[in-house]
Amino acid sequence: MPPADSAASSRLPPQLLAKEDLQALLDALRRAGYRVVGPRLSQGAIVIDELTDIAELPRGWTDEQVAGQYRLQRRPDEAYFGYNVGPHSWKQFLFPPQATVAAAERTAEGWELRTVDDQQPPYAFLGARACDLAAIAVQDRTFIHAQYADPIYRRRRAEAFIVAVDCGQAASTCFCASMNTGPACRQGFDLLLTELAGAFLFEVGTPRGAALAAGLPLRPADEAALAEAAAVRQQAVAQVSKQLDTTDIRQVLLGSLEHPRWSQVAERCLSCTNCTMVCPTCFCSSVREVGDLSGEHVERQREWDSCFNVDFSYLSGGIVRNQIRARYRQWLTHKLASWIDQFDVSGCVGCGRCITWCPVGIDLTEEVAAIREEPA
Amino acid sequence: MKTAAAAIADNPWLAQRARIARVTPEVPGVATYHLRLVDAQRHAQYAFQPGQFNMLYLPGVGEVAISLSAGAEQQGTWDHTIRAAGSVTRALAQLPVGAELGLRGPYGAGWPLTECAGRDVIVVAGGLGLAPLRPAIHALLAEPKRWGRIHLLLGARTADSLLYPGERSAWERSGLAAQTTVDRATPDWTGNVGVVPLLVDRLAGFDPARAIMFICGPEVMMRYTIRSALKRGIAAERIWLSLERNMQCAVGLCGHCQFGPAFICQDGPVLRSDRIAPFLDVEGL
């Protein structure tokens with residue numbers, strides 16, 4: 001089960017963790033058996049990968065993001081978390097891009113059919129942002145619903161320890177405020193850090209977080225620290241400039257299925273699947289058969305798939321969504337409209353990844369605005 | 001490895017072993033596979049609602065969603081009527097009697113038989129669309145006093161592809177009123193020629209105010225059948241249809257089978273026409 005909501009009433013008073021003691025937090029997590037993953041520099045981007053030393057964090061770096069563009073830059077300071085979300089999300093750890101879900105062995109009589117247990121040790125996520133926490137909550141509804149649950153996601157999610165970090169800045173692609181998911185972290189974390197000039201404001205969200213915090217060198221936060229943290233958070237609020245008007249969005253989009261805008265965006269869209277790969281809530285997958293040469297042993301491998309792949313909607317009668325227009329429409333109307341029917345929540349958390357990583361810079365907030373402007 | 005009953009609820013990917021007990025050739029390219037679960041207790045305990053489907057699995061080839069076409073009360077097996085069309089169904093057609101395959105299910109929402117009480121029931125099928133409707137017809141004919149009149153309107157491309165000819169005669173003797181039509185008549189065909197909705201247009205012997213309609217067939221046939229039914233005065237909320245989309249996980253996790261807000265694998269395959277009316281006529285949805 002996901003961690004219980006960290007209601008403010010149950011929180012301990014904020015404390016302070018010295019910058020150099022971030023390593024103590026990392027060590028405590030590792031000692032508790034977690035495989036810690038967090039932001040790291042790789043190939044010109046800030047990605048999420050295993051951390052063993054805080055020196056591996058992209059300290060002093062920031063990212064500049066606009067539609068279709070992502071650039072790393074040096075910061076004037078030595079902040080550990082002075083950037084926004086990159087191409088990775090925590091989705092890849094809870095819902096792995098490739099996983100074996102079942103296997104079959106040929107026997108004398110026929111087949112032995114079995115499922116394959118997930119062997120991954122528990123993860124600790126260091127550096128999840130408010131939009132990331134919202135995305136995890138969205139995927140909880142997809143993968144752990146009343147009737148069926150994805151066994152891999154359910155187990156990894158229950159075990160994952162989340163250290164969130166409040167944003168002190170926003171990229172031009174961020175629109176969490178419109179989706180009511182950020183920039184401040186409100187729930188869904190075990191521990192929460194806010195990076196100040198000389199320390200981290202350290203807050204506990206769950207009993208599990210409190211237990212881990214018990215062994216750390218913390219000191220009480222004074223008024224000045226609390227005021228500085230508020231100013232850091234306010235800076236992010238002030239920098240969120242992109243907006244998506246969600247008023248009646250379900251009706252607006254599902255009532256515009258024949259809008260000419262779908263054809264216009266299809267002229268730009270490459271159907272490359274980037275938006276769905278970087279999206280922290282997209283959950284589509286396919287299963288393929290992987291057999292050995294003898295055909296005696298077969299594994300069923302699940303891989304991320306995308307509604308932008310042409311054969312995604314393959315049916316014996318043909319491809320249902322054969323045109324890019326139909327595929328973009330499926331993605332956007334699902335993300336922002338029919339997701340609400342299915343899961344009682346929007347599929348968009350306003351992280352802006354799909355805007356940054358679209359090779360032609362398609363911005364879904366612009367597409368929605370264009371459809372609103374001229375109802376079909 | 002888990003094989004306990006709990007694991008099935010726990011892990012939607014676990015398939016059960018099933019064996020092909022018999023194969024009944026139906027119309028050209030189509031056969032009914034009579035399946036028996038290898039675990040005798042599971043075979044006896046298996047239950048489904050008419051209209052639900054199973055995922056049939058050939059290791060190394062893949063899975064395919066197939067509606068049950070008859071329950072074990074008919075011939076002691078769980079039956080699936082399948083056209084050899086894709087990679088899995090073509091491989092299935094090559095398997096001998098006695099071969100094993102995997103089976104997961106049943107999944108999805110079936111035909112709303114309880115809604116038929118006291119109503120005239122009009123069953124409309126196009127081609128292989130009769131297969132998912134057959135268990136509903138079995139259930140209707142098993143308790144004829146619960147419903148009004150039962151009509152079957154069946155269309156196919158040619159006379160030799162009209163499914164279950166022998167069984168249809170038995171249904172008619174049990175009180176079902178059947179009409180058939182073909183797209184292309186051969187010289188020996190003396191029946192109706194034309195599309196199925198035409199049979200709806202001129203159907204007699206039902207009360208529109210208390211009729212309920214079940215439709216399964218190609219999507220275009222279902223769209224026009226709904227139009228004809230609405231024109232005949234059958235309310236949209238009493239018209240049900242079975243939709244087909246690419247299904248992989250069958251439990252609402254993989255995203256393939258979405259149709260507007262519906263996951264066909266869970267909300268369907270049988271859906272009420274008024275609930276999906278805004279999406280039915282949209283090309284490429």
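These numbers come from a predicted model, not from an experiment. Here is the naming used below: chain letters follow the sequence lines, and residue numbers restart at 1 for every chain.
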Q | Which portion of Phe343(A) sits near chain B, non-hydrogen atoms under 4.5 angstrom | A | side chain

Q | Shortest non-hydrogen contact between Arg329(A) and Leu285(B), atoms and distance | A | NH2-N, 3.8 Å

Q: Let me know which of Thr115(A), Val101(A), Ile152(A), Val116(A) forms a side chain to side chain contact (heavy atoms under 4.5 Å, CB included) with Asn11(B).
A: Thr115(A)

**Q.** Closest non-hydrogen atom pair between Trp111(A) and Glu100(B), with its separation
**A.** N-OE1, 2.9 Å

Q: May I ask you to check whether over 12 heavy atoms, not counting those of Arg157(B), lie within 6.0 Å of atom CZ?
A: no

Q: Against chain B, label Ala326(A) side chain, backbone, both or neither, depending on which of its atoms sit under 4.5 Å from a heavy atom there.
A: both

Q) Do you know which of Val287(A), Asp341(A), Asn322(A), Leu315(A) has the most heavy-atom pairs with chain B at a distance under 4.5 angstrom? A) Leu315(A)

**Q.** Distance-minimising heavy-atom pair for Leu253(B) and Thr142(A)
**A.** CD2-O, 3.4 Å

**Q.** Donor-acceptor contact present, side-chain Gln342(A) to main-chain Phe263(B), <3.5 Å
**A.** no

(Q) Looking only at the side chains, is there a donor atom on one of Glu283(B) and Gln323(A) sitting less than 3.5 Å from an acceptor on the other? (A) no

Q) Taking atom CD of Gln251(A) as the centre, does the number of heavy atoms from other residues, nucleotides or ligands within less than 6.0 Å exceed 12? A) yes

**Q.** Min side-chain heavy-atom separation Phe279(B)-Leu254(A) under 4.5 Å
**A.** yes

Q: Using non-hydrogen atoms and a 4.5 Å limit, figure out which bit of Asp292(A) sits close to chain B: side chain, backbone, both or neither.
A: neither

Q. What part of Asn309(A) is in contact with chain B, defined as an atom under 4.5 angstrom from a non-hydrogen atom: side chain, backbone, both or neither?
A. neither

Q. Considering all heavy atoms of both residues, which atom of Cys284(A) and which atom of Gln258(B) are nearest to each other, and what is their separation?
A. SG-NE2, 4.4 Å

**Q.** Pairwise side-chain contact, Leu113(A) with Arg17(B), heavy-atom cut-off 4.5 Å (strictly under)
**A.** yes

Q) Which bit of His334(A) comes within less than 4.5 Å of chain B, counting heavy atoms only: side chain, backbone, both or neither? A) side chain

Q) So which heavy atom on Pro59(B) is nearest to which on Ala104(A), and how close? A) CB-CB, 3.8 Å

Q. What residues of residues 239-247 of chain B sit under 4.5 Å from chain A when only non-hydrogen atoms are counted?
A. Glu244(B), Arg245(B), Asn246(B)

Q: Below 4.5 Å from any heavy atom of chain B, which atoms of Arg321(A) appear? Answer side chain, backbone, both or neither.
A: both

Q | Distance-minimising heavy-atom pair for Leu58(B) and Glu289(A) | A | O-OE1, 4.3 Å

Q | Heavy-atom contact with chain B under 4.5 Å, split by part of Arg300(A) | A | side chain

Q: May I ask you to name which of Ala102(A), Pro151(A), Ala103(A) has the most heavy-atom pairs under 4.5 Å with chain B?
A: Pro151(A)

Q) Heavy-atom distance under 4.5 Å to chain B: side chain of Asp150(A), backbone, both or neither? A) both

**Q.** Arg19(B)/Glu109(A) ion pair, N-O < 4.0 Å
**A.** no

Q: Verify whether one side chain among His256(B) and Ser286(A) offers a donor that lies under 3.5 Å from an acceptor in the other.
A: yes

